[in-house]
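Just below is one structure, and these are the notes that go with it.
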There are 2 protein chains.
Amino acid sequence: MILLKNVYLNGQTTDILIKQNRFFQIKNNISAENAEILDCTNKAILPSFCNMHTHSAMMFLRGIGEDLELMDWLEKEIWPREDKLNDEYVYHISKFSVLEMIKTGTTMFLDMYFHIGETIKAVDEMGIRAVITYVGMDMFDKNETKRRIKNAEDFLSIPTPCHRVMKGLSPHAVYTASEELIKAFKKMTLENDTFLHTHVCETQKEVDDCIQKYGVPPVQLLSDWGILDQKTILAHAVHLKDDEINILKQSQSVVVHNPASNLKLNSGQMPLQRYLDAGIKVTLGTDSASSNNSLSMIDEMKIAALSGKNQANSSTSAKVQDIFDMATINGFEALGVQAGKIKEGYLADFILVDLNNYSLLPNVNLISNMVYSANPSCITDVFCDGKCVMKNAYVKGEEEIISNFKKTCHELLKE
Amino acid sequence: MILLKNVYLNGQTTDILIKQNRFFQIKNNISAENAEILDCTNKAILPSFCNMHTHSAMMFLRGIGEDLELMDWLEKEIWPREDKLNDEYVYHISKFSVLEMIKTGTTMFLDMYFHIGETIKAVDEMGIRAVITYVGMDMFDKNETKRRIKNAEDFLSIPTPCHRVMKGLSPHAVYTASEELIKAFKKMTLENDTFLHTHVCETQKEVDDCIQKYGVPPVQLLSDWGILDQKTILAHAVHLKDDEINILKQSQSVVVHNPASNLKLNSGQMPLQRYLDAGIKVTLGTDSASSNNSLSMIDEMKIAALSGKNQANSSTSAKVQDIFDMATINGFEALGVQAGKIKEGYLADFILVDLNNYSLLPNVNLISNMVYSANPSCITDVFCDGKCVMKNAYVKGEEEIISNFKKTCHELLKE
């Protein structure tokens with residue numbers, strides 16, 4: 001048991017008792033024998049973040065090939081370097097990426113990449129949550145389709161090392177994955193009661209090409225194929241036809257907004273407020289550090305708010321509470337995890353922030369401060385599943401994680 | 001003398017000797033008797049930031065009245081509260097704002113607000129630089145015009161407490177200041193060899209109203225009035241006619257880009273790349289904490305880069321070095337201060353960043369990391385004018401500054 005004494009929650013000071021991995025009691029003057037007591041005077045408790053779309057092992061590419069055209073960037077800078085990755089490299093990179101997530105207040109993420117056994121190991125060791133997905137990209141080659149389906153089956157058949165790690169499948173996108181592959185992946189995720197994750201409508205070119213090839217735009221296509229339901233999680237969704245917004249709402253599929261990446265790669269601005277108004281489930285993600293270049297959800301919230309107002313042409317759009325919910329509870333809910341709220345019975349995934357940190361003052365509207373003015377220096381402690389993963393801004397073993405990451409990058413990036 | 005040993009600069013490790021307030025020598029293996037030695041192993045030196053447009057004493061309004069229409073926000077939330085300000089309040093708020101600037105790596109700013117004697121005092125005490133300007137806003141009332149001109153004369157006649165603080169005049173904008181006032185202010189700044197600062201073309205409405213009233217848009221109008229030269233600093237410049245871009249270039253007037261504020265208030269996106277391509281001098285500012293809501297230039301650089309690419313519809317626009325220069329050397333140059341570069345003979349305004357901080361790894365492109373992934377937790381030390389103003393992330397007296405700011409906000413914001 002952990003007892004948080006005098007912690008600031010929703011404008012008041014209270015005590016919070018954590019039993020096992022959940023908030024057990026929230027009220028004043030709790031006394032609990034045998035509980036580890038944390039004095040939280042001048043600290044606020046907030047839900048931790050859920051980063052709903054990233055490729056965590058791309059972290060080694062941060063800062064590589066800035067300011068290029070998309071295809072130049074991919075072909076000359078990214079793909080040749082990704083070819084050099086192996087299991088060991090991905091393990092060290094993943095640990096570092098998770099370190100950055102913890103430092104910036106994230107305790108769960110949805111990942112799509114390669115060498116995923118290593119990312120699973122890293123997440124397990126670091127003590128946070130993730131849904132790790134196997135990527136399906138067959139480029140319409142039938143042999144590759146078979147191979148990917150087989151691999152996906154194998155991947156789903158192995159148990160995860162702990163309850164904090166879940167598995168899912170990610171057909172990459174409709175321009176890289178065949179109908180057969182996408183349908184097979186959906187079938188497997190249904191059988192395994194897990195998540196299908198994919199990129200959709202990231203660029204206008206993707207939409208145009210899809211219409212040319214299939215006669216309908218991507219979301220319509222996925223709907224026609226029976227792919228869309230509440231366990232389908234669509235990253236980007238920048239360029240949707242009006243009908244498709246309705247399809248998303250009806251299907252209850254989840255959208256992941258990645259505003260920084262969409263702006264940096266000049267993909268466009270997702271019509272956030274339209275989706276919110278339509279009742280679509282919108283979550284937030286950073287995308288990878290090679291197109292963001294941070295995994296900080298604090299950065300991402302501010303960019304989402306600013307981009308949301310600009311895209312809607314209204315200062316009253318993209319309201320702070322909506323943005324904060326996208327970064328917290330909406331993501332956890334989408335992944336079926338009862339976290340993202342400081343409430344009795346909920347999982348104890350949370351951050352403590354220093355109310356004397358300059359970036360949170362004056363404390364008139366803490367949620368607005370988190371969205372617009374906070375930076376990670378205000379986060380003192382991070383808990384996941386009832387356990388402390390960062391204490392006084394220190395993550396156990398961080399020096400070694402950083403040292404291994406630097407060595408890995410040195411190896412991978414040398415000419 | 002201060003000797004920085006083994007500091008990382010432009011991809012190499014070197015020593016740097018600071019004599020009085022300037023970089024005296026930059027080379028390997030400097031030995032200097034009597035110098036205070038700073039071991040900078042695993043630290044990089046970078047120029048500190050110059051925040052070219054803010055209203056620092058508006059900090060007490062951070063988080064107040066989010067997500068409103070502009071006029072609702074101003075009339076209901078901002079103006080009634082500003083009426084309560086007095087000298088003492090502004091002193092404490094200014095000290096806090098300067099604290100936030102130092103913590104986020106800024107050593108100079110251009111300020112436009114009221115009770116400015118107190119802001120001058122705060123800047124002097126905190127050890128950084130500023131140009132503090134007296135605001136002229138007569139609302140076309142002739143008595144007020146006279147009063148403001150007299151006040152401006154008085155303000156300019158009093159010497160500043162130190163060489164780090166300079167004075168300027170700010171006619172608020174063409175929709176709030178008369179031709180007589182603006183021309184009188186320009187005359188005074190010319191006589192005193194100092195800066196004229198004003199808001200221009202922040203919103204489309206301002207442009208439309210100006211054309212209706214004067215027959216020409218604001219930049220054209222200021223040009224016709226003889227206001228524009230290289231000591232005129234124009235905040236916002238979001239909505240310019242094609243001709244006006246040329247006017248700016250010819251006049252060598254300086255533009256201050258405030259992307260976060262422009263997006264948050266839904267003013268629009270400045271055509272950054274067009275200005276850069278035209279050879280206009282572009283600098284960067286945060287605007288006030290009530291419309292940003294941070295004074296961090298690190299936040300602002302990322303938003304400038306992302307907005308710049310979006311506005312230009314090109315991922316190759318708003319390049320990292322251009323953005324970094326806007327935040328550093330361009331501002332100092334515009335204010336006639338030889339800082340913003342780590343170079344022998346330049347003023348020793350700089351930051352030290354921890355190269356083992358997660359947000360700066362891998363260290364492939366430090367400038368890109370500063371623009372896109374850094375957060376203030378990477379800054380360990382800040383120097384202004386050769387003197388340390390933040391050491392190991394601590395600013396002398398910060399507890400008291402924070403405590404006084406909290407008290408001040410409590411007084412000002414109580415109902």
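Here is how names work: the chains are called A, B, and so on, in the same order as the sequence lines, proteins then strands, and each is numbered from 1. The figures that follow rest on heavy atoms only: side chains count, while hydrogens, waters and symmetry mates do not.
If you measure heavy-atom distances from A/T316 to chain B, the contacts under 4.5 Å come from both the backbone and the side chain. For A/E69, the parts sitting under 4.5 Å from any heavy atom of chain B are the backbone and the side chain alike. The part of A/F405 that comes within reach of chain B is its side chain, from C-beta onward, which places non-hydrogen atoms under 4.5 angstrom from that chain. With a 4.5 angstrom heavy-atom cutoff, A/K406 touches chain B only via side-chain atoms. Residue A/I401 does not touch chain B at all, counting heavy-atom pairs closer than 4.5 Å. Contact annotation for A/V320: both backbone and side-chain heavy atoms come within less than 4.5 Å of a heavy atom of chain B. Looking at A/N375, only its side chain comes within 4.5 Å of chain B, counting heavy atoms on both sides. Contacts between A/N356 and chain B at a heavy-atom distance below 4.5 Å involve backbone atoms as well as side-chain atoms. Contacts of A/A260 with chain B are made by both backbone and side-chain atoms, with heavy-atom separations under 4.5 Å. If you measure heavy-atom distances from A/S317 to chain B, the contacts under 4.5 Å come from the backbone alone. Using a 4.5 Å cut-off between heavy atoms, A/A318 contacts chain B through its backbone alone, with no side-chain atom that close. Only the backbone of A/L360 comes within less than 4.5 Å of a heavy atom in chain B; its side chain stays farther off. At a 4.5 Å heavy-atom cutoff, the contact between A/L265 and chain B is made by backbone atoms alone.
With salt bridges taken as basic N to acidic carboxylate O contacts below 4.0 Å, one links A/D299 and B/K302.
The cationic atom of B/K264 (NZ for Lys, CZ for Arg) lies less than 6.0 Å from the six-membered ring centre of A/Y372 and within 45° of the ring axis.
Heavy-atom pairs under 4.5 Å with chain A were tallied for B/L413, B/N292, B/I303; the largest tally goes to B/N292. Of the residues considered (B/S373, B/G63, B/S368), B/S373 shows the highest number of contacts with chain A, using heavy-atom pairs under 4.5 Å.
For A/E400, the CD atom counts as loosely surrounded, since its 6.0 Å shell holds 12 or fewer non-hydrogen atoms of other residues, nucleotides or ligands.
Inspection of the B/T380 and B/D354 side chains reveals no N or O donor paired with an N or O acceptor under 3.5 Å.
Using a distance-only test at 3.5 Å, with no hydrogens or angles considered, a donor-acceptor pair links the side chain of A/T104 to the main chain of A/M101.
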